[in-house]
Amino acid sequence: MATKEELQAIADQEIEDAKPLNKSVNGVVSEFSDDDYAQAKIDLGNSKWNAQQFGYIEARQNAYPPITDQLDEIYHNGIDAWKVIIKKVKDDNPKPS
Amino acid sequence: MAGSLEKISETISTGSQSSLIVTGINSTYDVYVVQFYVRPVDNDKDLLVRVTTSGTPDTDSEYDMATKFLRADTSFGNTPVTNGVNWFFNSAMANDSDKFVNATLYLFNFNNSSEFSFVTVETAGFNDTIPGLVGEQGGGVHTVAEANDGFSLQWESNSNFASGSKVVLYGLKK
């Protein structure tokens, strides 16, 4: 598990490697300013940190069956069978320790 | 909301831009509208949205949003955020050439230096990780009492906007 500082260092290097980055303001294209590059590094560092720390939440949300299917599973096969399905999603998308 | 749209500015990606900005909000209109039609060149990217001041994106942590995350494949979710570093009105967008994110946002109080800037949003796009049709509907506020003159879009990880991606700013004429 990388620290936030380690991920930020990776992000900084990736932005350096990606130069030049461009923006278009009202149709006028120009290269990022120094401030734009600095913010791009922060944004990418935050993105990497969020993906590492909280990516499992979205992954689980996407993997859980629809509520109606879950209720149907409980009705037909019971709570224990439903728990098996839910546990697999959690195990496949573990929370960072 | 009756009225007509007066086009103020637009920006179109040629495929090598990682930030699209439209400006021109002033006291001419009470309400402004932004429409965008965009997709990333890389898969699975969140769309990051910010207001601008003097043409520069506001990079503070004052972005709140409350939207309903609409999904064609299953029940809907909620997206509550307080003190975020941006709004993200679409997440994990696909880069397929036929799957652009389409959105209309109404902008309120942007030019008022003593009130917060509010947006209402409705989008439709194609999520890469579900995969499937998704949308966002709800609103956001930038909780700083300042005048904002525009609107900034960028993809997560500074992925470029695919060629043809377009953002247009309109004034809503009464």
Side-chain angles (χ1 to χ4, degrees), chain A residues 4 7-8 10-52 54-73 85 89 92-93, chain B residues 8-24 44-46 48 50 52 55-61 69 71 73-79 84-86 88 91-92 127-132 134 149-161 165-169:
Chain A
K4 190 163 190 180
L7 292 174
Q8 187 60 60
I10 294 170
D12 291 352
Q13 189 57 54
E14 286 184 7
I15 294 297
E16 288 296 325
D17 293 343
K19 286 183 176 180
L21 294 173
N22 296 313
K23 60 183 177 182
S24 178
V25 181
N26 298 335
V28 179
V29 177
S30 60
E31 188 180 353
F32 272 22
S33 66
D34 289 345
D35 286 346
D36 291 332
Y37 278 121
Q39 188 58 45
K41 290 176 180 177
I42 293 170
D43 287 343
L44 185 53
N46 287 338
S47 175
K48 290 181 180 298
W49 175 252
N50 289 335
Q52 175 183 279
F54 310 114
Y56 75 97
I57 296 174
E58 185 177 344
R60 286 180 179 182
Q61 288 172 341
N62 289 338
Y64 286 133
I67 294 296
T68 47
D69 291 352
Q70 292 188 42
L71 291 171
D72 215 37
E73 179 68 21
I85 294 170
V89 173
D92 289 347
N93 302 281
Chain B
I8 296 169
S9 59
E10 76 171 13
T11 192
I12 301 174
S13 176
T14 60
S16 61
Q17 288 81 47
S18 53
S19 174
L20 299 182
I21 296 173
V22 286
T23 66
D44 190 12
K45 295 300 177 190
D46 295 352
L48 314 182
R50 290 183 167 115
T52 67
T56 300
D58 278 19
T59 54
D60 49 33
S61 301
F69 179 47
R71 300 174 53 155
D73 66 322
T74 186
S75 49
F76 301 163
N78 299 313
T79 311
V85 296
N86 50 252
F88 59 101
S91 60
N127 185 291
D128 180 55
T129 59
I130 290 175
V134 296
D149 68 342
F151 208 76
S152 159
L153 300 179
Q154 69 180 87
W155 292 110
E156 172 193 12
S157 307
N158 289 284
S159 179
N160 281 340
F161 286 84
S165 295
K166 181 165 79 169
V167 187
V168 187
L169 174 67

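Each chain gets a letter, A, B and so on, in the order its sequence line appears, and its residues count up from 1. These numbers come from the heavy atoms of this one structure, side chains and all, not from hydrogens, waters or symmetry mates.
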Contacting moiety of Val25(A), where chain B heavy atoms sit under 4.5 Å: both
Minimum-distance pair of heavy atoms, taken over all atoms of Ile67(A) and Ser75(B): CG1-OG, 4.0 Å
Side chain / backbone / both / neither for Glu156(B) at chain A, heavy atoms under 4.5 Å: side chain
Smallest separation among heavy atoms of Ile15(A) and Asn158(B), with atom names: CD1-ND2, 3.4 Å
Residue, of Thr59(B), Val167(B), Val168(B), Leu20(B), that accumulates the most heavy atom pairs under 4.5 Å with chain A: Thr59(B)
Min side-chain heavy-atom separation Gln39(A)-Gln154(B) under 4.5 Å: no
Pick from Ser18(B), Ser9(B), Gly24(B) with the largest number of heavy-atom pairs that fall under 4.5 Å of chain A: Ser18(B)
Region of Asp73(B) that comes under 4.5 Å of a non-hydrogen atom in chain A: backbone
Interatomic distance, Asp36(A) atom CG to Ile21(B) atom CD1 [nearest 0.5 angstrom]: 7.0 Å
Closest heavy-atom pair and its distance - Gly27(A), Thr11(B): N-OG1, 3.2 Å
Spacing of Thr14(B) atom OG1 and Asn22(A) atom CG [to the nearest 0.5 Å]: 8.0 Å
Structural part of Asp43(A) lying under 4.5 Å from a heavy atom of chain B: side chain
Asp17(A) atom CG, neighbour heavy-atom count above 12 within 6.0 Å: yes
Side chain, backbone, both or neither of Tyr64(A) within contact of chain B (heavy atoms, under 4.5 Å): neither
Engaged part of Glu14(A) at the chain B interface, taking heavy atoms whose separation is under 4.5 Å: neither
Between OG1 on residue Thr74(B) and CD on residue Gln70(A), distance to nearest 0.5 Å: 8.5 Å
side-chain contact (heavy atoms from CB on, under 4.5 Å) between Arg71(B) and Asn62(A), intermediate numbers included: CA-CA 10 Å; Arg71(B) 300 174 53 155; Asn62(A) 289 338; 3.1 Å; yes
Spacing of Ile12(B) atom CD1 and Asn26(A) atom CG [to the nearest 0.5 Å]: 12.0 Å
